[in-house]
Every structure is written in C-alpha cells, then in structure tokens.
Amino acid sequence: MAETVPTIKAADAALKVIEEWGVDHIFGYPGGSFDDVMNALYDRQNTMKFVQVRHEEAGALSAAAEAKLTGKLAVTMGSAGPGAVHLLNGLYDAKHDHAPVLALVAQVPESRMNIDFFQAIDEGPIFEDVSVFNRTATTAAGLPALIDTAIRQAYKYHGVAVVIIPKNLGWTDIADTYQSNAKNHLAPLYPQPDPVAIDKAVELIKAAKSPMVYFGIGAKNAAPELKAVSEKFKMPLVSSVIAKGIVEDTYPAYIGSTGRPAGKPGSELGFNTDLILWVGNDVPFSIFLFNKRAKVIQIDIDNEKLGKRHNVDVPILADAKTALAAIAAKGEELQPSNFYRAALADQKDWRKWQDSFATDKEQPLRPEPVFAAINKYADDNAVYGVDVGNININFMRLIDLKPEQKWTTSGQYATMGYGLPAAVGAKFAFPDRQVFSLSGDGGFAMMSQEILTAVKYHLNIINVVFSNETLGFIEAEQRDDTHQPLFGVDLIDTDWATVAEGMGAKGYTIRSFEDIDKVFKEAVAADGPVVIDVKLTHDMPFTTQHMFIDPAWQDPAKIKEFVTKYQAEDLKPFSAYLKDAEAGKL
C-alpha cells in the first residue's frame with residue numbers, strides 16, 4: 001500500500017516557506033484577487049501576522065524600512081491591478097537603498113489573464129525595473145520553490161524580489177513536502193584586502209597634508225576601525241547622510257555629514273582636503289562635494305563601485321571592517337595636522353552655535369528647542385523613522401544619535417511620506433523599543449492614514465509633525481538654486497492633533513517653548529500612538545549649499561546678508577580655523 005503524502009494548499013505552502021526564513025509578519029491590504037493568500041494568512045495566523053496597512057504604498061515602505069533597519073528580509077503584498085501599482089513607490093525605495101524585500105503580488109486567475117478582465121494588467125513588466133527577481137508563478141506545485149528562490153535572490157542582490165501569483169494557484173492542494181533553503185543561508189565571505197594596496201594607501205595618508213575619511217553605510221559594522229584609523233592618522237571623519245549614527249555624534253573627530261542636509265564643518269572639509277579615504281560610500285552627490293584634485297583611496301566590497309563617483313588612486317576590494325583594520329595596523333601614529341585641529345575646532349564651535357538656540361523662545365518655534373526635547377526624552381535604544389525634506393536637515397544636525405539607537409530615511413530615492421510607514425515597520429521589527437516618526441507637514445499628509453494602522457495595532461509610536469506650511473526643501477531650491485518665483489510650495493495650516501484624535505490617537509499641539517517639555521513628557525508616557533503637531537518657524541535652516549561666510553574671497557555685502565539672516569555672527573569660515581591652527585592657537 002502506497003504511503004499517503006500530506007497535502008497543503010499552495011498559498012499556505014508559500015507562507016510556510018516565508019516563515020522558515022524567519023519572517024513572522026506581512027504588510028498588506030486585502031483584495032479579491034488575493035483571497036487565496038488571505039485564507040492562508042487566516043490558517044497560519046498563529047505563526048504569521050497580517051499587518052493591515054491602509055495603503056499598499058505604506059506597506060511597501062514599512063517593509064523597506066524594516067529591511068534597512070534589520071538587514072533581514074521583510075515582506076509586503078498587493079492585490080491585482082491597483083494594489084500592485086500602489087506597491088511600486090515603496091519598492092523603489094527598497095531598490096535604491098539596497099534592502100531585501102519580498103513583494104507578493106496577486107494576479108487574476110490564469111483563465112482570466114490576457115483577456116482584458118476586471119483589474120487584470122500585465123504586471124510583469126511594471127516590476128521589471130524595480131526588482132532583482134521578477135517571476136509569475138505558473139504551477140501550484142512550483143510555488144514554494146519559487147518563493148524560496150525569490151528570497152535567496154533578494155538576499156544575494158540586496159533588493160526587491162517579486163512573485164506574481166494567479167489567484168487560482170493558491171487554492172490548489174499540493175504535496176506538503178517542500179523544505180526551504182533557509183537553513184543553508186550563510187553570510188557571504190568577502191575578499192581580503194590586497195597587502196600592496198594597503199601599503200600604498202598608508203603611504204598616501206602619511207604624505208597628505210589634509211587627509212580625511214568619508215564613509216557610507218558600507219561601513220556600518222566598522223565603527224571601531226573608523227575610530228582607530230582616525231586616531232592613528234589624525235583624520236577627521238565625515239559620513240554620508242544615511243551613515244549618521246555609525247560613529248556617535250558626540251565623538252570629537254566625527255565632523256558630521258556633508259552635502260545639503262549636513263552641518264557647516266562637514267561641508268567645508270570636502271573642499272579643503274587633499275586626500276580622501278572613501279569607505280563603503282556610493283552617494284550620487286559626491287561629485288559636487290569634494291576637491292576634484294584630492295587623491296582618493298576607495299574601499300568597497302563591490303568592484304563596480306570603485307571609481308564610480310571620483311577618480312581613485314588606490315582601489316581596495318574588501319570589507320570595510322577588514323580593510324580599515326589593515327590600514328590601522330600599518331605605520332606609525334601621526335601628529336595632529338593643522339587641518340585636523342581646524343576641523344575639530346570648526347565642529348566644536350558649530351555645535352556650540354546650534355546649542356545656543358536650544359532655549360530660544362521665538363514663535364513660531366525654531367527647531368532646536370524641539371530637537372533638544374527629543375534628545376532628552378528618547379530612550380538610549382530608540383528608533384527613528386525620518387521623512388524627507390527639511391526634516392532631514394534638522395535631524396542630521398540636531399539629533400545626537402547614541403550607539404544603540406537606530407534610524408531610517410528614504411536615502412537615495414528620497415520619497416516623501418516615508419516617516420510614518422517607516423515607524424510602523426520599525427515598531428513591528430522592534431516591538432519593545434521606543435519608536436518616533438519625524439515628518440514635515442507635507443510628508444506627513446501623504447501617509448497620515450497610517451495613524452489608523454498604529455491605532456488598530458496599538459503601536460506606541462510618537463509621531464512628531466513639524467508644521468511650517470510649506471514644502472521647505474523645495475522652496476529653498478526654487479529660491480536659492482533656480483532663483484524662480486515661489487510657486488506650488490505653500491501648504492494650508494492643518495490641525496494635526498485634531499486629525500489624530502479623530503483617528504483614535506492622542507493629539508498634542510506645541511506652539512510655545514513652554515509647551516515643549518510638558519507635551520513630550522506626556523507623549524513618551526502615553527499608551528498607544530501619539531501625534532505632536534509642532535508649529536514651526538517658516539524660516540529655512542542654515543544653508544550649506546549657498547554659504548557666504550568667508551571674507552577672504554566672498555562679497556562682503558552677501559556675507560553681511562547671510563550672517564544676519566541666519567544669526568551666524570559667531571560662526572567663522574574654515575579658513576579662519578586653519579589660520580589659527582597654523583599660528584599655534586588650536
């Protein structure tokens with residue numbers, strides 16, 4: 001008598017594979033074309049949680065944020081037609097920031113495909129550009145293996161894997177015999193750095209007069225090695241925006257990031273350096289941020305990245321941690337250069353200048369007092385979901401990240417509306433940690449419906465909305481970059497606290513300095529989601545992109561206008577710090 005093989009519906013088998021890879025929740029929204037998967041989620045609700053977001057874009061953004069925060073696969077789903085299309089924006093964020101995300105996409109039954117049926121579209125092509133793997137299931141029996149392959153591809157290529165599932169396949173009974181490859185998943189082994197390249201790198205560093213380190217997210221596991229190189233060779237550390245937090249903000253030699261969201265010192269250093277140790281960094285704007293004649297030593301695990309953003313004198317194909325350790329082990333410790341002393345003094349004075357506004361009582365409020373409160377009330381392991389716009393500038397400059405804190409933003413893709421869905425993703429990834437979302441009123445309006453998701457699942461998220469009634473980042477571009485009339489950037493004042501209360505969350509409004517501490521004290525103690533509407537100044541943050549501060553070569557009239565506008569009387573240009581260093585005053 002033949003042995004009976006147990007059976008399982010194909011949709012359940014697909015979820016079983018996902019579970020074996022360590023995933024216990026999926027972000028999505030139901031649709032008739034996904035009834036098979038919804039039934040499987042019901043069957044497996046003890047091992048797989050369905051998180052009902054209120055828009056598929058939000059589900060994809062939540063998954064992207066979770067994958068970026070954890071480095072592990074996150075999963076989202078969308079129904080056929082409109083649900084599938086809604087996923088795209090969040091999936092593009094995952095693509096650009098190299099996050100492993102699996103997208104399950106419904107399709108109408110095979111018998112209704114390709115005949116202009118209700119909600120039927122040719123889904124394969126629309127996901128081709130966003131994905132590293134994009135396949136439509138063709139047999140029920142092959143669905144578990146297809147899901148397994150998709151997950152392996154998402155991990156291998158650090159991107160989006162899409163599996164399109166015709167509705168009829170998920171209902172089909174198949175043999176329950178498939179075992180995933182999750183148990184065989186091992187961390188990749190990276191090449192060891194070439195000793196000759198390491199020696200060349202050290203010789204260039206020793207010969208340089210103004211060397212610096214510029215590191216990106218590829219150095220995320222190399223904080224001790226970054227510090228070791230900095231301390232041995234007296235090189236200031238500058239990061240990309242998304243690499244903030246790898247080295248704690250209070251580390252004296254960490255000068256912050258560079259570029260438009262950066263502070264003054266990081267932006268100045270790039271134009272005064274003669275050598276850059278470029279580590280795990282692929283920032284598109286890098287071509288505008290550095291002295292084009294500077295020599296470059298670049299470390300990356302991907303040889304396609306070597307020389308991509310700048311001419312390279314010494315390429316090193318290796319993991320950042322290993323290569324930096326090899327560099328730090330070579331040569332003798334150097335004495336601080338004038339460039340190094342000037343950089344640290346510049347950063348110290350910049351922080352002092354920013355801190356001088358922390359008790360400012362101006363109304364509408366400056367950002368500094370509000371961020372001082374966030375620094376005060378944030379737990380040592382808090383997680384931040386940060387939207388896109390002026391909020392990036394203020395977060396980069398004013399939040400002092402601690403070693404156990406985490407944060408995420410939409411880095412290279414820079415989609416507005418990211419903050420709140422990212423915080424939802426963060427809360428499911430780290431349910432026992434304090435989570436903030438930080439957004440401008442423009443970005444928050446785009447995804448504000450996800451407050452309903454936070455209420456439904458009783459997510460203790462502190463959502464801070466900085467309301468300045470303008471798309472500030474775009475306003476600054478129109479005014480400062482293209483010098484055009486401001487148009488289309490104005491936003492109407494909105495009572496976000498009342499909106500939050502209507503959705504079932506707790507709402508607060510901050511209008512004065514006296515409100516700040518009281519509101520944050522209550523917010524962090526609240527049980528459930530909170531929305532804090534901060535009525536913020538319309539004045540734009542200090543611009544480092546169009547900075548007039550150096551009388552040695554800039555128009556005195558423009559300097560006076562700039563300094564007056566930003567109350568920057570106490571700030572000096574980097575050239576002044578260099579002169580002080582050369583004169584032995586630092």
List the steps and the verdict of salt bridge (charged side-chain N to carboxylate O under 4.0 Å, His left out) for D302 and K305. CA-CA 6 Å; D302 183 353; K305 300 288 194 305; 3.0 Å; yes

Ion pair present between D580 and K572, side-chain N to carboxylate O less than 4.0 angstrom? yes

I'd like to know if the side chain of N394 and the backbone of P367 have a donor-acceptor N/O pair within less than 3.5 Å. no

Under 3.5 Å: donor-acceptor pair, side chain of K232, backbone of A328: yes

Counting C-beta onward and ignoring hydrogens, is there a side-chain heavy-atom pair between H185 and R152 closer than 4.5 Å? no

Note, I255 side chain near L344 side chain (heavy atom, < 4.5 Å): yes

For residues S410 and D93, is any side-chain donor paired with an opposing acceptor at under 3.5 Å? yes

Looking at every non-hydrogen atom in both residues, tell me the closest pair between A243 and I217 and how far apart they are. CB-N, 3.8 Å

Counting only heavy atoms from other residues, nucleotides and ligands, does the tally under 6.0 Å from CZ of F271 exceed 12? yes

Looking only at side chains, do N181 and W21 share a donor and an acceptor under 3.5 Å apart? no

Given the options F473, F395, F371, F466 meets ring-ring contact (aromatic ring centres under 6.0 Å, His included) only with F371

In a table with atom names and distances, give each donor-acceptor pair under 3.5 Å that connects a side chain of residues 190-203 to protein atoms at least two apart or in another chain.
| residue | atom | partner | partner atom | Å |
| --- | --- | --- | --- | --- |
| D194 | OD1 | V196 | N | 3.0 |
| D199 | OD1 | K330 | NZ | 3.2 |

May I have the step-by-step check of salt bridge (charged side-chain N to carboxylate O under 4.0 Å, His left out) for E475 and R479, ending in yes or no? CA-CA 6 Å; E475 177 185 323; R479 185 186 62 244; 3.3 Å; yes

Is it the case that the side chains of Y92 and D129 hold a donor-acceptor pair, with the cut-off being a distance below 3.5 Å and no angle test? yes

Tell me if a side-chain donor or acceptor on N311 pairs with a main-chain N or O of V296 at a distance below 3.5 Å. no

Mark yes when over 12 heavy atoms from residues, nucleotides or ligands other than E332 sit less than 6.0 Å from its CD; otherwise mark no. no

Under 6.0 Å from the six-membered ring centre of F133 and within 45° of its axis: does the NZ or CZ of R135 meet both? yes

Run the salt bridge (charged side-chain N to carboxylate O under 4.0 Å, His left out) check on D274 and K295 step by step: do they pass? CA-CA 6 Å; D274 64 356; K295 294 184 181 298; over 6 Å; no

May I ask you to check whether W553 and F548 place their ring centers less than 6.0 Å from one another? no

Determine whether the side chains of T250 and D400 contain a donor N or O and an acceptor N or O closer than 3.5 Å. no

Could you check whether the rings of Y413 and H96 sit parallel, tilted or perpendicular, using 30° and 60° as the cut-offs? parallel

E248/K227 salt bridge by N-O under 4.0 Å criterion: yes

Which pairs count as side-chain hydrogen bond (donor to acceptor under 3.5 Å, both in side chains) when at least one residue sits in residues 215-226, sequence neighbours excluded? E225-K321

Decide yes or no for Y566 and T543: does some side-chain heavy atom of the first lie under 4.5 Å from some side-chain heavy atom of the second? yes

I'd like to know if K234 pairs up with E333 as an ion pair, taking the criterion as any Lys NZ or Arg NE/NH1/NH2 lying under 4.0 Å from an Asp or Glu carboxylate oxygen. yes

Check whether the side chains of T408 and Y418 place a donor and an acceptor atom closer than 3.5 Å, and report yes or no. yes

Would one find more than 12 heavy atoms of other residues, nucleotides or ligands at under 6.0 Å from atom CD of E231? yes

Checking K264 against D346 for the salt bridge (charged side-chain N to carboxylate O under 4.0 Å, His left out) test, could you report, in this order, the C-alpha distance in whole Å, the side-chain angles of both residues, the deciding distance, and whether it holds? CA-CA 8 Å; K264 168 182 168 289; D346 194 1; 2.8 Å; yes

Given side-chain hydrogen bond (donor to acceptor under 3.5 Å, both in side chains), test T273 with N291 step by step and report yes or no. CA-CA 7 Å; T273 184; N291 173 13; over 6 Å; no

Does the side-chain contact (heavy atoms from CB on, under 4.5 Å) test come out yes or no for E477 and T482, once each step is laid out? CA-CA 7 Å; E477 287 179 336; T482 52; 5.8 Å; no

Under the 3.5 angstrom rule, does the side chain of T544 hit a backbone N or O of G259 as a donor-acceptor pair? yes

Do we see a donor-acceptor contact under 3.5 Å between the side chains of Y254 and S239? yes

Which label fits W278 and F290: parallel for a plane angle under 30°, tilted from 30 to 60°, or perpendicular past 60°? tilted

Tell me, with the steps shown, if Y340 and F233 meet ring pair (Phe, Tyr, Trp, His ring centres under 6.0 Å). CA-CA 10 Å; Y340 180 78; F233 298 112; over 10 Å; no

Going through the checks in order, is the side-chain contact (heavy atoms from CB on, under 4.5 Å) test met by L69 and F430? CA-CA 10 Å; L69 285 166; F430 305 104; 4.0 Å; yes

Show the nearest heavy-atom pair for residues I246 and A219, with the distance to one decimal. CG2-O, 3.5 Å

Could you check whether any side-chain N or O of Q478 sits under 3.5 Å from a backbone N or O of F487, counting only pairs where one atom can act as donor and the other as acceptor? yes

Run the side-chain contact (heavy atoms from CB on, under 4.5 Å) check on H310 and Q298 step by step: do they pass? CA-CA 9 Å; H310 200 291; Q298 186 177 1; over 6 Å; no

Do F562 and F542 have their ring centres less than 6.0 Å from each other? yes

Is E304 atom CD crowded by more than 12 heavy atoms from other residues, nucleotides or ligands, each under 6.0 Å away? yes

Does NZ belonging to K183 count more than 12 external heavy atoms closer than 6.0 Å? yes

Does the pair D355/R351 count as a salt bridge with the N-to-O cut at 4.0 Å? no

From the list N392, L420, I374, D387, side-chain contact (heavy atoms from CB on, under 4.5 Å) with L438 holds only for I374

Do you see a donor-acceptor pair shorter than 3.5 Å between the side chains of N338 and E582? no

Under 3.5 Å: donor-acceptor pair, side chain of Q554, backbone of I549: yes

Is it the case that over 12 heavy atoms from other parts of the model lie below 6.0 angstrom from the CZ atom of F285? no

D550 versus S575, side-chain donor and acceptor atoms under 3.5 Å: yes

Nearest 0.5 angstrom please: L578 CG to L586 CG, how far? 9.0 Å

Checking side-chain contact (heavy atoms from CB on, under 4.5 Å) for the pair M235/V229: CA distance, chi angles, key distance, verdict? CA-CA 7 Å; M235 300 170 72; V229 168; 4.0 Å; yes

Report yes or no: does T70 contribute a side-chain atom to a donor-acceptor pair with the main-chain N or O of E66 at less than 3.5 Å? yes

